[in-house]
Number of protein chains: 2
Amino acid sequence: MGITKSEHFTDHQNELANVLKALGHPARVAIVEYLIQHKQCICGDIVNELPLSQATISQHLRELKQVGIIQGNIEGNSICYCLNPQVFEQITQFMGIVIESVAKNKCC
Amino acid sequence: MGITKSEHFTDHQNELANVLKALGHPARVAIVEYLIQHKQCICGDIVNELPLSQATISQHLRELKQVGIIQGNIEGNSICYCLNPQVFEQITQFMGIVIESVAKNKCC
DNA sequence: AATCTATATTGCAATATTACGATATAATTT
DNA sequence: AAATTATATCGTAATATTGCAATATAGATT
């Protein structure tokens, strides 16, 4: 099918899954890593950095923006993107809970 | 196309993306959350918990196992699954770097 | 205002993912 | 050994994702 039965899961599960899915592509990881290093970028910076077309980069940026991983501010005729820390704090919290849980007992 | 140009990215980027993609589905988030609560499960436990078929659950468990998020041990005629903390430590480290980076300066 | 620069969107083709019924495999119980 | 229980795999249909060329949009520059 290819369709995910979102209606059967909690909002929290769907939201977390959406954010993680958005980060689940090497080009989007690379964009986030570029932003870690350079703090900000415009679309053209990433086009120069990655071997993907301008249309494809623009699409990846939109996906990151849709789930709140990055935010964009219009600056003249270009758009300046940067990371939104809140989302990463949410993810880190979830991962922390997992690690804490697992630390308590070994696997079966 | 639907095909990801993995060859253009670093191993680190591809591996991280694969793990995050595996977590990027609400059913698989739900499975991880079940394991947080119950520490371990067999396939049938998840089949009772989620409104998906046994075949589909088995598929999701395989995806989680393939990227090392869970591990499975044969116990009689069932397989006992549990979380593998190492993967989550990797993810948390990456998220921590992002948060640290962003804390240093505000967005453009 | 015409051109240039930067980004977004549309339309399309190829591939991937999701889900499930049916079936296979393997250990357990009767 | 036959039936039961537990899980995996196969085959298939429907939908989603990825990527790009072409085009649209909008601000900047000449």
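Chain identifiers are assigned alphabetically (A, B, ...) following the order of the sequence lines, protein sequences preceding nucleic acid strands; residue numbering begins at 1 within each chain. Just so you know, these numbers use all the heavy atoms, side chains as well, and skip hydrogens, waters and symmetry mates.
Of the two residues contacting DNA chain D, namely A:A27 and A:I3, the nearest-nucleotide position lying further toward the 5' end is that of A:I3. If you find the closest nucleotide of DNA chain C to A:C43 and to A:G2, the one lying nearer the 5' end belongs to A:C43.
For residues 11-27 of chain B, the set of pairs meeting the salt bridge (Lys or Arg N to Asp or Glu O under 4.0 Å) definition, not counting sequence neighbours, is empty. Within the structure, ring-ring contact (aromatic ring centres under 6.0 Å, His included) contacts touching residues 35-78 of chain A (residues at least two apart or in different chains) are A:H25-A:H60, A:Y34-A:H38. Every pair tested for side-chain hydrogen bond (donor to acceptor under 3.5 Å, both in side chains) that includes a residue from residues 70-97 of chain B fails, sequence neighbours excluded, so the list is empty.
Distance CD1 (B:I79) to P (D:dA6): 13 Å, rounded to an integer number of Å. In this structure, the CG atom of A:L64 is 16 Å from the C1' atom of C:dT7, given to the nearest Å. Atom C1' of nucleotide C:dC20 and atom CD of B:Q59 are separated by 9 Å, given to the nearest angstrom. The interatomic distance linking A:I42 (CD1) with D:dA26 (C1') rounds to 15 Å, in whole Å.
Proximity of a side-chain donor or acceptor of A:N14 to a complementary backbone N or O of A:T10 within less than 3.5 Å is detected. In terms of modelled atom types and a separation under 3.5 Å, the side chain of A:N48 and the main chain of A:D45 share no donor-acceptor contact.
Interface residues of residues 65-77 of chain B facing DNA chain D, ordered by number: B:N77; criterion, heavy-atom separation under 4.0 Å. Of the residues in residues 45-58 of chain A, those with a non-hydrogen atom less than 4.0 angstrom from any atom of DNA chain C are A:Q54, A:A55, A:S58. Using a 4.0 Å cut-off on heavy atoms, none of the residues of residues 8-24 of chain A approach DNA chain C.
Put simply, B:H60 has a side-chain N or O that comes within less than 4.0 Å of OP1 or OP2 on C:dA19. Neither OP1 nor OP2 of D:dA6 sits under 4.0 Å from any side-chain N or O of B:Y81. Here A:R62 reaches the OP1 or OP2 of C:dT9: one of its side-chain N or O atoms lies under 4.0 Å away.
Residues forming a disulfide bond (SG atoms under 2.5 Å apart) with B:C43 (at least two apart in sequence, or on another chain): none. Residues satisfying the salt bridge (Lys or Arg N to Asp or Glu O under 4.0 Å) test with B:E63, not counting sequence neighbours, are B:R28. Evaluation of the side-chain hydrogen bond (donor to acceptor under 3.5 Å, both in side chains) rule for B:H12 yields A:E33 as partners, not counting sequence neighbours. Among residues two or more places apart in sequence or in another chain, the side-chain hydrogen bond (donor to acceptor under 3.5 Å, both in side chains) test is passed with A:S6 by none. Remark: B:S58 pairs with no residue by the side-chain hydrogen bond (donor to acceptor under 3.5 Å, both in side chains) rule, at least two apart or across chains. A search for side chain to side chain contact (heavy atoms under 4.5 Å, CB included) contacts involving A:A22 returns A:V67, A:I69, not counting sequence neighbours.
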